[in-house]
Amino acid sequence: MKNDSGSLLKVDDLRVYFRSYGQTVRAVDGVSLKVGRGETVGLVGESGCGKSTLGNAILRLVDIESGSLDFDGTDISSFAKRRLTEFREKAQMVFQDPFQSLNPRMTVGRAIEEVLYVHRKGDRMERRRKVAQLLEAVGLDASFADRYPHEFSGGQRQRIGIARALAVDPVLLIADEPVSALDVSVQVQILNLLKDLQKNFNLSFLFIAHDLAVVRYMCDRILVMYLGRIVEESPASELYDCACHPYTEALLSAIPDVDRSLSDKGKQARIVLSGDVPSPTMVTPGCPFHQRCHRVRPECKTNVPVFREISPGHFSACHFAEELMGKEDAGFRIPDAG
Amino acid sequence: MFDVPETAMKNPIIEVKNLGLHFGPASRPVRAVDGVSFSIDEGETVALVGESGCGKSVTALSLAKLVSGSSRYVSGSVMYDGKDVLQMEESELRWLRGNEISFVFQEPGMSLNPVFRVGSQIAEAIRLHRKGVDVHDEVLRLLQLVGIPAPEKRMRSYPHEMSGGMQQRVMIAMALACQPRLLVADEPTTALDVTIQAQILELLSELQKQLGMAILLITHNLGLVADVAHSVNVMYAGRIVERGPSRELLRNPEHPYTHGLLAAVPRLTGSVGRLKSIDGSVPHLAQLPSGCKFHPRCPKRKPDCEGVEPELRESGENRAVRCYYPVKQGQHEER
């Protein structure tokens with residue numbers, strides 16, 4: 001991890017609750033994280049784990065219950081509307097579904113220009129020029145500005161979505177599943193584009209995804225989220241060889257991976273979690289993962305594990321993280337039943 | 001974990017021959033499927049792989065003549081038990097669908113009727129197709145078979161009361177209600193989370209072993225193919241461009257498209273070098289290029305690729321490839 005002074009975004013003990021019919025959904029339940037300048041941080045987890053809500057909360061798109069959001073040295077958690085607009089010039093979002101995030105009745109040129117208009121950037125001529133620049137920066141032709149979204153393929157639309165996000169020259173991009181709606185052959189085009197843009201514009205990324213292979217390709221550091229909490233944090237290179245939370249282990253082993261399937265060793269390796277993700281309205285005693293955990297022991301049902309550093313830069317919220325760190329059966333092998 | 005028997009019984013239960021399916025006006029047809037041939041043996045798992053719009057889903061639906069709308073079959077046949085499905089009467093099709101061939105689709109939430117309890121939806125299939133069974137007991141047995149806990153209680157649930165994984169189990173129970181010989185699974189796990197996806201795959205391969213049915217798996221996920229399928233057909237722009245036993249094909253892809261797809265998938269192991277993407281995007285089926293349909297995106301194209309389209313040719317034991325300049329073994333660059 002980079003040093004503290006270098007971090008651009010600092011989230012501390014953030015909570016986002018939704019209330020309905022007397023129930024409370026703890027969508028984000030005490031999350032702390034940092035994103036350094038020029039760093040790509042990955043956030044992975046299954047649907048419903050709160051990863052998108054966390055991304056939205058950082059941009060203040062949903063109300064936060066408690067916790068602090070520190071961006072570039074300023075606390076933005078209490079900003080009112082006008083200052084939020086200023087903040088959002090610095091931090092922008094790329095959304096998942098390029099079919100739903102573009103207005104079908106607006107030419108893409110106008111859609112991109114709208115961002116500049118909202119943020120009162122330049123006059124009409126300058127905005128037009130900027131739109132052309134942006135289209136070219138994301139690998140499209142400047143003449144596409146006069147076309148409508150339906151004329152473009154999924155990959156091209158996602159490029160337009162990225163151009164919109166880049167319009168105000170942000171320093172932080174939050175990308176929420178930016179490639180999961182795209183075809184395999186197009187996914188890599190977009191991932192490579194994001195990588196290049198990061199280098200050229202010196203961007204910081206919070207990359208939200210459910211696909212651990214994609215995250216591995218993109219990120220320097222990875223956070224694994226389960227039921228509104230971070231359960232493991234690790235440098236990307238370390239997570240895949242030495243997962244220190246049983247949930248991460250299970251996630252890794254569940255992904256169908258060509259190389260692993262082709263090696264005979266890998267074929268025996270799948271950890272199949274029982275059951276579904278429990279409802280975030282319920283407060284489970286003990287470790288939130290214990291009902292589905294393949295390594296569960298008696299104390300997991302009563303004691304809440306502490307999220308702690310187990311090796312430099314590697315954190316885990318499992319009672320037995322230290323054991324997992326030195327485990328013989330690291331990687332994809334199945335643990336002894338017990 | 002998934003035991004793929006090395007040799008499935010060589011006894012084709014369904015044979016697709018030179019299938020051609022067009023949509024839209026005859027003057028400007030959308031050629032969704034063009035000259036597709038393949039067969040599925042008893043107890044075998046065959047995968048159809050490709051990106052969206054390559055024709056894999058309509059090919060699968062054609063097995064039970066389920067494609068409707070402004071479509072027409074311009075060529076070919078689907079032979080099941082010596083009869084051509086495409087020529088069958090409505091009454092014969094009713095026997096075929098559900099009884100012999102059944103389907104599991106991508107989004108279980110969209111396929112289940114929201115206003116009926118799941119138990120009665122499964123019961124419907126049993127009532128329609130089977131005589132002399134206790135429907136209630138049979139529904140219970142099926143729910144148990146697909147691993148739904150507390151089936152007695154769950155059969156009285158409505159679809160919205162279940163998670164996506166549970167809904168997909170219900171869909172599978174429904175598909176199995178009439179003991180089909182062939183189960184067509186169209187992206188059965190795409191809408192599900194990875195941990196749930198693993199459960200469903202496990203279930204399908206377990207059921208296949210128990211019931212001995214054949215599976216046609218439609219997917220875009222190559223990792224999944226390696227795990228569960230015996231053989232693979234890779235489709236591009238309405239055609240099969242490569243075919244072979246799954247593990248062999250994934251180890252040594254011969255078609256530049258298959259090769260490109262594999263190179264473009266981020267991996268869990270190995271170096272994190274820059275991945276190579278396939279340039280451009282999938283062509284529109286109404287405006288296909290001349291010659292080889294992949295040539296505008298192909299890194300290995302030569303002038304003659306634009307002329308006459310290559311045939312799907314044998315290239316080894318059980319393998320075939322539709323390319324003039326297939327990638328030969330040992331030519332693969334290091335990934």
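Owing to the predicted nature of the structure, the values given are computational and were not obtained by experimental measurement. First the proteins, then the strands, lettered A, B, ... as listed; each starts at 1.
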Query raised in the report: With a 4.5 Å limit on heavy-atom distance, are the side chains of Arg292(A) and Thr195(B) in contact?
Result: yes
Query - Heavy-atom pair count under 4.5 Å with chain A, highest-scoring of Gly164(B), Gly280(B), Pro149(B) - result: Gly280(B)
Query raised in the report: Does CD belonging to Glu317(B) count more than 12 external heavy atoms closer than 6.0 Å?
Result: no
Requested in this report: Check the pair Leu191(A) / Leu275(B) against side-chain contact (heavy atoms from CB on, under 4.5 Å), numbers first and verdict last.
Outcome: CA-CA 9 Å; Leu191(A) 293 177; Leu275(B) 293 172; 5.6 Å; no
Query raised in the report: Can you pull the salt bridge (charged side-chain N to carboxylate O under 4.0 Å, His left out) pairs that have at least one residue in residues 188-198 of chain B, sequence neighbours excluded?
Result: none
Requested in this report: Could you look at Ser153(A) and say if it's the side chain, the backbone, both or neither that has a heavy atom under 4.5 Å from chain B?
Outcome: side chain
Query raised in the report: With chain B, which of Val214(A), Asn192(A), Val184(A) has the greatest number of heavy-atom pairs at distances under 4.5 Å?
Result: Asn192(A)
Query raised in the report: How close do Asp279(B) and Gln189(A) get, heavy atom to heavy atom, and via which atoms?
Result: C-NE2, 3.8 Å
Report summary line: Residues Arg297(B) and Ser185(A): closest non-hydrogen pair is NH2-OG, 3.1 Å
Report task. For Asp183(A) and Glu51(B), work out which heavy atoms get closest and say how close. Result -> CB-OE2, 3.2 Å
Requested in this report: Salt-bridge test for Arg274(B) and Asp196(A): reply yes if a basic N is under 4.0 Å from a carboxylate O, no otherwise.
Outcome: yes
Query raised in the report: Any donor-acceptor pair under 3.5 Å linking the side chain of Tyr217(A) with the backbone of Val265(B)?
Result: no
Query raised in the report: Within the side chain of Arg251(B), is there an N or O that forms a donor-acceptor pair under 3.5 Å with the backbone of Leu262(A)?
Result: yes
Query raised in the report: Between Pro256(A) and Gln197(B), is any pair of side-chain heavy atoms under 4.5 Å apart?
Result: yes
**Report entry** Validation row: Lys276(B), Val188(A) side chains within 4.5 angstrom (heavy atoms)
**Finding:** no
**Report entry** Check: Met218(A) and Pro266(B) side chains under 4.5 Å, non-hydrogen atoms
**Finding:** no
Report summary line: Heavy-atom nearest pair, Arg260(A) first then Leu268(B), reads NH2-CD1, 2.8 Å
Report task. With sequence neighbours excluded, tell me which residues meet ring pair (Phe, Tyr, Trp, His ring centres under 6.0 Å) with Tyr236(B). Result -> Tyr257(B), Phe294(B)
Query - Sub-4.5 Å side-chain heavy-atom contact between Tyr240(A) and Thr269(B) - result: no
Requested in this report: Starting at CG of Leu224(B), measure out to CG of Asp257(A) and round the result to the nearest 0.5 Å.
Outcome: 11.5 Å
